[in-house]
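A single structure is presented below for examination.
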Amino acid sequence: MTGWNVIYPMGWDDNGLPTERRVQNFFGVRCDPEHPTEPALAEANGINKTRAILDSLKPHKERIKDPLPIAREDFIRLCHFVTEEDEKAYRDLFYRMGYSIDWSEEYATIDDRSRRIAQRSFLDLNRKGHVYTSELPTMWDVDFQTAVAQAEVEDREKNGAYHDIEFAVEDPNADVKSFVISTTRPELLAACVGVTAHPDDPRFKGLFGKYAITPVFFSRVPIFPSDKADPEKGTGILMVCTFGDQTDVEWWRENSLQLKAVLDKDGRIRPMEYGVEWDAAKGHEDRAKENFGSLVGLRVNQAKRRVVEMLQDSENSATSKGAPLQGEPKPITHPVRYYEKGDNPIEYLTSRQWFVRLLDKKDQLQGKGEAVRWRPDFMHKRYANWTDGLNADWAVSRQRYFGVPIPVWYPLNEHGERDYGKYIVATEDMLPVDPTATPAPGYTEDQRGKPGGFDAEVDVFDTWFTSSLTPQIVARWGDADDRMSQLFPMDLRPQAHDIIRTWAFYTIAKAMLHHDDVPWHNAAISGFIVDPDRKKMSKSKGNAITPLPLVEQYGADAVRYWSANGRLGMDMAYDETVFKIGGKLVTKLYNAGKFVLSQTGPQGDITHELDRAFIAELKDVVRRATTALDEYEFAVALQVTEDFFWSGFTDNYIELLKGRTRNDDDAEGRASAVAGLRLGLSVMLRLFAPFVPTIADEVWSWVFAEETGVPSVHLAPWPGSAGAQGGMSMPGVPAGHDISAVPAPQNPGSFAAAREAIAAIRKAKSEAGISLGKPLSSLVLSADEKGRSDLSLVLGDVAAAGGAPSVSFNGAVTGGDTRFEAEITPLEE
RNA sequence: GGGCGAUUAGCUCAGUUGGCUAGAGCACCUGUCUUACAAACAGGGGGUCGCAGGUUCGAGUCCUGCAUCGCCCA
């Protein structure tokens, strides 16, 4: 409407765990890459057919209890079926909501272009030295069995218990022969590789440099000082395990401690011979081996119970002073880290992953964050705080199936072992590529898995690795039809505040690493719709609402009206009355349009003072609404428009004109009235068009479409706009629809004065208990000099609207808060 | 523990750089079938602006502290 050629693409983020989980639950299957493909499944062309085939392989009831393993290829096909269904539902909803999306610009993060550009991103990062693969302790979800990134982890307040456990000091000559540590995770005792306390803590100063012996497993571990140990917490001395948390990782690294990985990728205790592969104090080897053996295969919680039992056995003491467990466990609540989509706590496992180097670029990332205009401003703080608190590089590899493959292979040595240092990256011409299906450059397929041959990376990218490229995907970065120079950086990223640390952050990071630029100039951060008690909506709490039933009940315009009331960055309490108000606005627009377009009369210009004064106010409304929209303050624009529509246009201007539009004796005044009404309606429809597009376009279609040759209000020029921008073609503003062509009134206060006068007359009629349409035989207004002067040019309209033959004046209003007061005499019947 | 936001009428919310008697819609009360609209219109009542200090001629607005709620992070 303002003449700009705007791109508004639609992208579907269909990679990732939620899709996989839905497929697993919906079909009763699980992905097993070792499993052969099922030919029948390849024939399936949709959900129903697929279910029938699966039912013939294994009944549904049994599959739900014990999921059917299927090949990766088959699994991915099912993922596509599910995402297609979901996307269809959203597409239908967005159509009904009237979003002006360029549907020809639709893309999905799993489609060929997105995969190609995501892999191109990896190639570029690799070329620039920003990626590396390494075997490191990483946050791991034991249910999904994948690495997760810092951004995907959240703290949850959980019940736990401090267990006080006695350790022995190895040195027989030490002053202190034993000490007690306090831990919430006794099951990690077998992974204990050190003990630490604060360097200034007098209780433990003498121990530093000596060794401790753990109970139950009789492991010899160093005692070292650390500033990070809190003397106030627990007993002030604690065990370091591989790995309980991020601090353990740091202690392990800084002190070159041993690695005792006790947990397997599925969250169970690994088979390992304590006292054989891992040391145990002399004479205790068998005991250590037997104790650990009883834990093998147990889940974390089971292992915890078993270790606590063993800690109650004095035979397992390292000091021969009775049971190592001191007293009863003390219940506490404490924050526990979870993968945001997970049901069991995060564990720190050592595994090989791919990383994007970000920790060394915090300053640059802050600079780019400052170069983006955040709306509202304070949202920038969220970004800055997150960037400041980064403590790990971005782990981008995921041990999942439905995602963009990492385009990498590894050469195998003569023993068939991967040489990770010499990894092979795909070449540009291969993209998109699935390395498990295509041989590495320079190799042939028959060398796959053979000594001296190659082996494919099976991991896929984190879903954010692709969705952080949405500007580049839309701009087709690096493709033959590249549009980067026109579309990058983009103008606006609209998104909610919960994904500043992920979507916004990673998108800024990628734009910086690839282009040393910002991805967009503005970030408009919306709040959430919260339930009437201001609680976050969630499916599991049962307080969530979905838009479609509301669209069906109240109409798309009412739903849009409601959402347009939300201020950027502010949560909005769900309030159904707002839909009703939106519905009333739609009805009112319909009725006002019907009335205005039914007024006929001689053709003519807007010459009357009242009409020009009304248009002058309307110009101001246009100016304020336009300014607000320029600042992304759409709620303000709507409110300014709506206020004037009700109190300026329908309740007053239309009412004041009803006399003149029917006055056969004043052709010029009548023509001016009809023209003023129609221009007013035309402008109001265009101002409302972004908010209530359906009714605005409906009313436009009745007369204006044909009259102007502009078939839709959404193609009509924005009131007061400069016309076509940047080479776009726009229809000119048709005669009678151009607000700027109307001359200024003689007195800018005319319309306001008429409005106040009519209010005074209404008040008098209301207080007299008579109908507002009741004709008057006399109408006397009290007004001061200024009031009389402001009214002088519009008296005829005021008298007609009041139902009086004429207006006479009295002295100024004494007291009160109005300029005008009316004395009325109803006409005798 | 750190950061951010919010707290204004019964409800949902505006209130721009400090400045007339703090506003809107809904709800409530009263009136009106009025030639676009009764899913309407008109009139009216209703607030110690979370609390306590401070700055100022003047504070819903600025400063300090506190309380409550929410979000983000540790």
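Naming: A, B, ... by sequence-line order, numbering from 1 per chain. Worth saying up front: this structure is predicted, and the values here are computed from it rather than measured.
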*Of the listed nucleotides rC41(B), rC72(B), rA36(B), the one nearest the side chain of R501(A)*: rC72(B)
*Can you tell me how far C1' in rA22(B) sits from the matching atom in rC13(B), rounded to whole Å?*
14 Å
*Distance, P atom - from rU48(B) to rU64(B), rounded to whole angstrom*: 27 Å
_Between D13(A) and T463(A), is there a side-chain donor-acceptor contact under 3.5 Å, judged purely by atom types and distance?_
yes
*How long is the line joining CZ of F645(A) and P of rA36(B), in whole Å?*
15 Å
*asked:* Counting only side-chain nitrogens and oxygens, does R337(A) get under 4.0 Å of the OP1 or OP2 atom of rC73(B)?
replied: no
*Take atom NZ of K580(A) and atom P of rU12(B), then tell me their distance rounded to the nearest Å.*
15 Å
*Between rA40(B), rU12(B), rA74(B), which nucleotide has the shortest distance from any of its atoms to the side chain of K588(A)?*
rA40(B)
*Minimal non-hydrogen separation, S182(A) against T235(A), with atom names*: N-OG1, 3.7 Å
_Rounded interatomic separation in angstrom, taking NZ from K233(A) and C1' from rA74(B)_ = 10 Å
*asked:* Under 4.0 Å, counting only non-hydrogen atoms across every strand here, what does A573(A) touch: a base, just sugar-phosphate, or nothing?
replied: sugar-phosphate
_Consecutive-pair stems (at least three Watson-Crick or G-U pairs, under 3.5 Å) that include RNA chain B_ = B:1-7 with B:67-73, B:10-13 with B:23-26, B:28-32 with B:40-44, B:50-54 with B:62-66
*Any donor-acceptor pair under 3.5 Å linking the side chain of W374(A) with the backbone of Y383(A)?*
no
*asked:* Which label fits F579(A) and Y574(A): parallel for a plane angle under 30°, tilted from 30 to 60°, or perpendicular past 60°?
replied: tilted
*Expressed in angstrom and rounded to an integer, what is the separation of H497(A) atom NE2 from rC73(B) atom C1'?*
14 Å
*What orientation do H737(A) and F704(A) show, parallel under 30°, tilted 30 to 60°, or perpendicular over 60°?*
perpendicular
*asked:* Can you list everything that forms a salt bridge (Lys or Arg N to Asp or Glu O under 4.0 Å) with R493(A)? Sequence neighbours excluded, please.
replied: none
*Pairwise distance CG(D666(A)) to NE2(H608(A)) - rounded to 0.5 angstrom*: 7.0 Å
_According to ring pair (Phe, Tyr, Trp, His ring centres under 6.0 Å), who are the partners of W520(A), at least two apart in sequence or on a separate chain?_
none
*For G773(A) and M572(A), take the nucleotide of RNA chain B holding the closest heavy atom to each; which residue's nucleotide lies nearer the 5' end?*
M572(A)
*For RNA chain B, find the residues of residues 371-390 of chain A with a heavy-atom distance under 4.0 Å and give them by number; none if there aren't any.*
F378(A), K381(A), R382(A), N385(A), W386(A)
*When the nearest nucleotide of RNA chain B is assigned to S598(A) and to N391(A) on a heavy-atom basis, which residue is associated with the more 5' position?*
S598(A)
*What residues form a ring pair (Phe, Tyr, Trp, His ring centres under 6.0 Å) with Y162(A), not counting sequence neighbours?*
none
_Residue pairs involving residues 581-600 of chain A (criterion ring pair (Phe, Tyr, Trp, His ring centres under 6.0 Å); sequence neighbours excluded)_ = Y590(A)-W702(A)
*In whole angstrom, give me the gap between the C1' atoms of rC33(B) and rC28(B).*
23 Å
*asked:* From CZ of F595(A) over to P of rC37(B), roughly how many Å is that when rounded to an integer?
replied: 9 Å
*Whole-Å P distance, rG1(B) and rU55(B)*: 31 Å
_Euclidean distance for P, rG44(B) against rC26(B) (whole angstrom)_ = 15 Å
*asked:* From C-beta outward on T587(A), which listed nucleotide comes closest to its side chain: rG70(B), rA39(B), rA36(B)?
replied: rA39(B)
*Using modelled atom types only, decide if a donor and an acceptor are shared between the side chain of R670(A) and the backbone of G601(A) within a distance under 3.5 Å.*
no
_P atoms of rG10(B) and rG47(B), separation to the nearest Å_ = 8 Å
_Interatomic distance where CG belongs to N565(A) and C1' belongs to rC11(B) [whole Å]_ = 15 Å
_What is the separation between atom CD1 on I529(A) and atom P on rG70(B), rounded to the nearest whole Å?_
18 Å
*asked:* Checking Y561(A) now: which residues fulfil ring pair (Phe, Tyr, Trp, His ring centres under 6.0 Å) with it, not counting sequence neighbours?
replied: none
*asked:* Within the 4.0 Å heavy-atom criterion, would you say W562(A) contacts the bases, only the backbone, or no part of the nucleic acid?
replied: nothing
Could you run down the sub-3.5 Å N/O contacts of the protein with nucleotides 25-31 of chain B?
unit_1  : atom_1 : unit_2  : atom_2 : d
rC26(B) : OP1    : K584(A) : NZ     : 2.8

*For L359(A), all residues meeting side chain to side chain contact (heavy atoms under 4.5 Å, CB included), sequence neighbours excluded*: K362(A), L390(A), D393(A)
*asked:* Once side chain to side chain contact (heavy atoms under 4.5 Å, CB included) is applied, do any residues pair with L589(A), and if so which ones, sequence neighbours excluded?
replied: L585(A), F645(A), L685(A), F688(A), V692(A), I695(A)
*Taking atom P in both rG23(B) and rG46(B), compute the distance separating them and give it to the nearest angstrom.*
13 Å
*What's the OH-C1' distance between Y590(A) and rA39(B), to the nearest Å?*
14 Å
*Heavy-atom pair of closest approach, residues A801(A) and I758(A)*: CB-CD1, 3.2 Å
_Span that lies between the C1' atom of rA59(B) and that of rA52(B), in whole angstrom_ = 15 Å
*With sequence neighbours left out, what residues match W140(A) under ring pair (Phe, Tyr, Trp, His ring centres under 6.0 Å)?*
none
*Mind listing the residues from residues 647-658 of chain A sitting with a heavy atom below 4.0 Å of RNA chain B? Number order is fine.*
T650(A), D651(A), I654(A), E655(A), K658(A)
